[in-house]
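First up is the structure itself, then whatever we jot down about it.
Note: hydrogens, waters and symmetry copies are ignored here, and every other heavy atom, side chains too, is used. Positions are given from 1, in the same order as the sequence printed here.
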Amino acid sequence: MLKASDLIDNTFLRQYQFKIGSEMATIEYAQQERKIFLTKLNIPESIESEEFTENFLKIVLDNISEKNISVVPTSPPIAKFIKRNRRYKKMLPVGIRI
C-alpha cells in the first residue's frame, strides 16, 4: 500500500518520486508561479499496474492540493486520470478544460 509519507518532492530534479524496492516511479514537472505542469509519468514495468498508478497519482495530486497550486496536466495519462476523477478538476486553472 502506498503512503503519502513515502512521496518525495525532488525539487532539484523537478519530479515527484516514489520508491518501491529498487524501482522508482516518477512524475516530472515544471512550476511557474502558482501553476505546476505535470509533464511526464514514469512507472517501471515491474511495478506498473492500474491500482499503483491511480494511488500514485492520488498521492501526488493531494500533495499539490495542500500547497494550493493549480495543476496543468500535459501528460496524457495524468490528464485522463483527472478527467475520470472529478474531485481533481477543481485544481485546473481557469480556462483549462480536459
List the residues meeting side chain to side chain donor-acceptor pair (under 3.5 Å) with [X], not counting sequence neighbours, and say none if there are none.
{"X": "Ser46", "answer": "Glu23"}
{"X": "Arg84", "answer": "Glu54"}
{"X": "Asn10", "answer": "none"}
{"X": "Gln31", "answer": "none"}

Quick one: which residue pairs count as a salt bridge (Lys or Arg N to Asp or Glu O under 4.0 Å) with a foot in [range], not counting sequence neighbours?
{"range": "residues 89-98", "result": "none"}
{"range": "residues 39-49", "result": "none"}
{"range": "residues 71-83", "result": "none"}

Does some side-chain heavy atom of [Y] sit less than 4.5 Å from a side-chain heavy atom of [X]?
{"X": "Asn68", "Y": "Arg34", "value": "yes"}
{"X": "Asp6", "Y": "Ile59", "value": "no"}
{"X": "Ile98", "Y": "Pro73", "value": "yes"}
{"X": "Tyr29", "Y": "Thr11", "value": "yes"}
{"X": "Ile64", "Y": "Leu38", "value": "yes"}

Do you know the tightest heavy-atom contact between Leu41 and Ser75?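 Taking Leu41 first and Ser75 second, the nearest heavy atoms are N-OG, 3.9 Å.
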
Write down the atom of Pro93, the atom of Val72, and the distance for their closest heavy-atom approach.
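Shortest heavy-atom contact: CG-CG2, 3.6 Å.
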
(message) With ring-ring contact (aromatic ring centres under 6.0 Å, His included) as the rule and sequence neighbours excluded, what pairs involving residues 66-94 come up?
(response)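 Output for this query lists Phe81-Tyr88.
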
Sorted by first residue and then second, give each ring-ring contact (aromatic ring centres under 6.0 Å, His included) pair with at least one member in residues 58-79; sequence neighbours left out.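 Applying ring-ring contact (aromatic ring centres under 6.0 Å, His included) to every pair that reaches into residues 58-79, excluding sequence neighbours, yields nothing.
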
Could you measure the distance from the CD1 atom of Ile78 to the CZ atom of Phe37? Nearest 0.5 Å is fine.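 Ile78 CD1 to Phe37 CZ: 13.0 Å, rounded to 0.5 Å.
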
**Prompt:** What distance do Asn63 atom CG and Ile69 atom CD1 have between them, rounded to the nearest 0.5 Å?
**Reply:**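 Between atom CG of Asn63 and atom CD1 of Ile69 there are 8.5 Å.
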
- Message: Quick check on the hydrophobic clustering: are Leu13 and Met24 connected, directly or via other members, by side-chain heavy-atom contacts under 4.5 Å?
- Response: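 Each belongs to a different hydrophobic cluster.
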
Review point. Among the clusters formed by ILVMFWY side chains lying less than 4.5 Å apart, do Val60 and Ile96 turn up in the same one?
Key: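 Yes, because Val60 and Ile96 connect within a single hydrophobic cluster, where side-chain heavy atoms sit under 4.5 Å apart.
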
**Residues in side-chain contact (heavy atoms from CB on, under 4.5 Å) contact with Ala25, at least two apart in sequence or another chain** =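 Scan of Ala25 (side-chain contact (heavy atoms from CB on, under 4.5 Å), adjacent residues dropped) gives Ile43, Pro44, Ile47, Phe52, Phe56.
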
*asked:* Could you work out, with side-chain contact (heavy atoms from CB on, under 4.5 Å) as the rule, every residue matching Ser65, not counting sequence neighbours?
replied: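 So Ser65 forms a side-chain contact (heavy atoms from CB on, under 4.5 Å) with Met91.
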
When you measure from the side chain of [X] to the backbone N and O of [Y], does any donor-acceptor pair fall under 3.5 Å?
{"X": "Ser70", "Y": "Leu92", "value": "no"}
{"X": "Asn55", "Y": "Glu51", "value": "yes"}
{"X": "Thr39", "Y": "Glu28", "value": "yes"}

Set of salt bridge (charged side-chain N to carboxylate O under 4.0 Å, His left out) partners for Lys67, sequence neighbours left out: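 Result, salt bridge (charged side-chain N to carboxylate O under 4.0 Å, His left out) vs Lys67: Asp9.
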
